[in-house]
Amino acid sequence: AVRAQEVPCAFLSPVDPAILPDGYLPEGEVCIERERFEIEGRQYIFADVVGYDRAYADRQFTLTRDTVWRAVTLYAGWFEVPDALFIFGRAPDATAQAETIGERAACIVRVDDIALRQGIAGDSSDDQFRRAIAHEIFHCVQSHDATLDNDYVVWRDEASAEYFAGLAIPDSLPGPQLYIEFDALIGETPLYQLEFNGYPFMAFLGNDGGPEAVVAFLRAARATPGETAALAHLGYYPGIDDLFHRFAR
């Protein structure tokens with residue numbers, strides 16, 4: 001179904017606007033709902049912010065729709081995936097390709113109107129865009145699924161979102177910067193302090209034991225913040241010493 005009615009963006013939100021960060025849906029920001037559909041009983045809404053340059057919008061919608069179907073269907077094999085609203089337009093942080101805010105009930109993904117990853121040799125900009133959207137959808141899973149620690153832990157959640165995005169869009173490639181920065185940090189930085197650069201470890205875990213190993217690792221997390229919890233999480237995972245030794249080699 002396609003609608004052209006202009007409404008406050010907050011009216012379309014499947015997340016209570018009261019929990020959104022200040023300025024996330026600016027007061028008075030108006031959206032046009034473009035499409036809504038269901039996948040396995042979950043509702044997905046596409047809208048764009050009134051007044052932005054729609055030169056690439058139709059292509060972005062097509063790529064995003066394809067990714068939602070792929071990612072939701074895949075992730076639902078292991079996790080509960082929430083309803084989501086995708087808002088196309090200038091994201092609050094102009095340097096971001098996409099940002100996600102979620103709670104147990106639903107999720108909002110804001111996609112910048114010029115959202116395209118940097119060109120990566122051997123990959124297409126379309127697949128990089130799809131991978132970015134699949135990454136954000138997994139952030140929705142992380143904030144929603146009851147079997148996971150729903151608090152945001154940067155290294156764990158960014159690494160696992162990138163891993164599952166690669167499963168959803170298997171022809172896409174991870175950014176080489178993830179490896180460059182990992183190599184520069186890991187000699188002196190604990191794994192749980194790598195922030196956005198832990199993907200190589202998560203990819204190794206997935207290659208070693210398959211997606212089920214990554215799922216088990218995520219479910220072993222404790223809903224307790226800080227270094228003590230991070231160490232407990234890593235220690236709880238069966239065979240972590242041998243796994244990390246092989247990873248280091």
Side-chain angles (χ1 to χ4, degrees), residues 15 19-21 71-72 74-82 84 96 98-109 131 134-168 174-175 177-249:
V15 177
I19 74 161
L20 296 174
V72 169
L74 176 70
Y75 301 162
W78 298 289
F79 305 104
E80 277 289 325
V81 187
E99 296 181 337
T100 298
I101 180 71
E103 61 168 357
R104 289 297 310 281
C107 191
I108 294 176
V109 179
R131 190 178 181 113
H135 179 111
E136 297 304 322
I137 295 171
F138 198 77
H139 282 323
C140 295
V141 171
Q142 291 163 339
S143 66
H144 173 78
D145 184 273
T147 69
L148 302 177
D149 170 19
N150 302 130
D151 289 336
Y152 178 56
V153 176
V154 182
W155 90 267
R156 179 196 72 203
D157 291 353
E158 293 299 334
S160 56
E162 190 66 13
Y163 170 75
F164 280 99
L167 296 184
Q177 195 65 23
L178 293 172
Y179 291 96
I180 294 170
E181 293 179 359
F182 179 90
D183 288 347
L185 292 169
I186 194 61
E188 299 179 355
T189 307
L191 183 62
Y192 53 84
Q193 292 180 5
L194 290 179
E195 296 192 343
F196 290 90
N197 299 298
Y199 168 75
F201 172 77
M202 205 68 70
F204 181 85
L205 174 60
N207 289 339
D208 187 71
E212 288 74 17
V214 179
V215 172
F217 179 80
L218 296 178
R219 287 182 175 153
R222 297 293 187 269
T224 306
E227 180 176 333
T228 300
L231 290 170
H233 177 200
L234 290 166
Y236 179 81
Y237 185 77
I240 189 65
D241 289 343
D242 174 68
L243 175 73
F244 198 83
H245 179 68
R246 287 186 286 110
F247 172 65
R249 291 179 61 190

Asks: Does atom CD (Glu188) have a neighbourhood of more than 12 heavy atoms from anything else shown, all under 6.0 Å?
Replies: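 Open.
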Asks: Minimum heavy-atom separation for Gly198 to Trp155, with atom names?
Replies: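 Scanning both residues completely, I find the closest heavy atoms to be CA-CE3, 4.4 Å.
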Asks: Counting heavy atoms not belonging to Tyr152, are there more than 12 under 6.0 Å from its OH?
Replies: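 Enclosed.
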Asks: Within this structure, what is the CG-CZ distance for the pair Leu205 and Arg246, rounded to the nearest 0.5 Å?
Replies: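 Between atom CG of Leu205 and atom CZ of Arg246 there are 9.5 Å.
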Asks: Taking all non-hydrogen atoms of both residues into account, name the closest pair between Pro200 and Leu178 and its distance.
Replies: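 Heavy atoms of Pro200 and Leu178 come nearest at CG-O, 4.0 Å.
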Asks: Tell me, do Phe196 and Glu181 make a side-chain contact under 4.5 Å, heavy atoms counted?
Replies: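 They are not in side-chain contact.
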Asks: Would you say that Leu185 contacts Glu195 through its side chain, given a criterion of any heavy-atom pair below 4.5 Å between the two side chains?
Replies: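 They are not in side-chain contact.
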Asks: What is the distance from atom OH of Tyr192 to atom CG of Leu231, rounded to the nearest 0.5 Å?
Replies: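 Taking OH in Tyr192 and CG in Leu231, the distance rounds to 4.0 Å.
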Asks: Looking at side-chain heavy atoms only, is the closest gap between Leu167 and Tyr75 below 4.5 Å?
Replies: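 They are not in side-chain contact.
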Asks: Between Gln142 (side chain only) and Asp157 (backbone N and O only), is there a donor and an acceptor less than 3.5 Å apart?
Replies: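 Side chain of Gln142 to backbone of Asp157: a pair is present.
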Asks: State the CG-OG1 distance between Asn150 and Thr147, to the nearest 0.5 angstrom.
Replies: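 Interatomic distance, Asn150 CG to Thr147 OG1, rounded to 0.5 Å: 8.5 Å.
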Asks: In terms of relative ring orientation, are Phe138 and Phe164 parallel, tilted or perpendicular, with 30° and 60° separating the classes?
Replies: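 Rings of Phe138 and Phe164: parallel, under 30°.
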Asks: Could you walk me through whether Asp149 and Arg156 pass the side-chain contact (heavy atoms from CB on, under 4.5 Å) test, one step at a time?
Replies: CA-CA 11 Å; Asp149 170 19; Arg156 179 196 72 203; 3.1 Å; yes
Asks: Write down the atom of Pro82, the atom of Ala106, and the distance for their closest heavy-atom approach.
Replies: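 Closest heavy-atom pair between Pro82 and Ala106: CB-CA, 3.9 Å.
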Asks: Taking the side chain as everything from C-beta on, heavy atoms only, tell me whether Pro174 gets closer than 4.5 Å to Tyr163.
Replies: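 No, their side chains stay 4.5 Å or more apart.
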Asks: Tell me if a side-chain donor or acceptor on Asp145 pairs with a main-chain N or O of Val81 at a distance below 3.5 Å.
Replies: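 No.
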Asks: I'd like to check Val215 versus Phe79 (side-chain heavy atoms, cut-off strictly below 4.5 Å). Are they in contact?
Replies: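 Yes, at least one pair of side-chain atoms sits under 4.5 Å.
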Asks: If you define the side chain from C-beta out and look only at heavy atoms, does anything of Met202 sit under 4.5 Å from Phe217?
Replies: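 Result yes, sub-4.5 Å side-chain heavy-atom pair found.
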Asks: Would you say the side-chain atoms of His139 pair up with the backbone N or O of Glu158, donor to acceptor, closer than 3.5 Å?
Replies: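 Flag not set: sc His139 to bb Glu158 has no pair under 3.5 Å.
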Asks: Just wondering, do Val141 and Glu80 contact through their side chains at under 4.5 Å, heavy atoms?
Replies: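 Not in contact.
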Asks: Which atom pair, heavy atoms only, marks the closest approach of Phe182 to Leu191?
Replies: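 Between these two residues, the closest heavy atoms are CE1-CD1, 4.5 Å.
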Asks: Do side-chain atoms of Thr189 reach the backbone of Ile186 as a donor and acceptor pair under 3.5 angstrom?
Replies: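 No, because the side chain of Thr189 does not come within donor-acceptor range (under 3.5 Å) of the backbone of Ile186.
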Asks: Counting C-beta onward and ignoring hydrogens, is there a side-chain heavy-atom pair between Phe201 and Leu243 closer than 4.5 Å?
Replies: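 Yes, at least one pair of side-chain atoms sits under 4.5 Å.
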